[in-house]
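Each remark here refers to the structure printed beneath this line.
As the structure is a prediction and not an experimental result, all values here were calculated from the model. Values reported hereafter were calculated over all heavy atoms of this structure, with side chains retained and with hydrogens, waters and symmetry mates removed.
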Amino acid sequence: MTAFVGSCGSFVTGTRAVQVSASRKTVAAPRRATRVVTRMSVGELANVMIAEGGGMAVTFPAYLAVFLGTLFPVAFLIILFIQSEARKAGEEAGRGE
């Protein structure tokens, strides 16, 4: 518990370290985080990221992973549906309905 409470302060910016007493009964409350106001619009940020080459860069293996990760499950489900419909049709034909 002490390690958990002690490590929580590292995820909050603008706070002082959390102090845990030896008896583990009191914990000092961290200060409120300060609000940071940016003066750059979303459009300017997108232009800067694209100009630097790091904004929307997607590699061919990433495209391939998305394509194959979509194609294989969809193909499996379509084949499964076709087989189950064929099995139902075969069972109905075998009964003479």
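- In this structure, Leu80 shares a hydrophobic cluster with Phe76, Leu77, the cluster being traced through Ile, Leu, Val, Met, Phe, Trp and Tyr side chains under 4.5 angstrom apart.
- Annotation: salt bridge (charged side-chain N to carboxylate O under 4.0 Å, His left out) contacts involving residues 57-67, sequence neighbours excluded, are absent.
- Phe72 and Val66 fall into different hydrophobic clusters, defined by Ile, Leu, Val, Met, Phe, Trp and Tyr side-chain heavy atoms under 4.5 Å apart, directly or through other members.
- Leu71 and Leu64 fall within a single hydrophobic cluster, where Ile, Leu, Val, Met, Phe, Trp and Tyr are joined by side-chain heavy atoms under 4.5 Å apart, directly or via other members.
- Between Arg87 and the choices Glu85, Glu91, Gln83, the side chain to side chain contact (heavy atoms under 4.5 Å, CB included) rule is met once, by Glu91.
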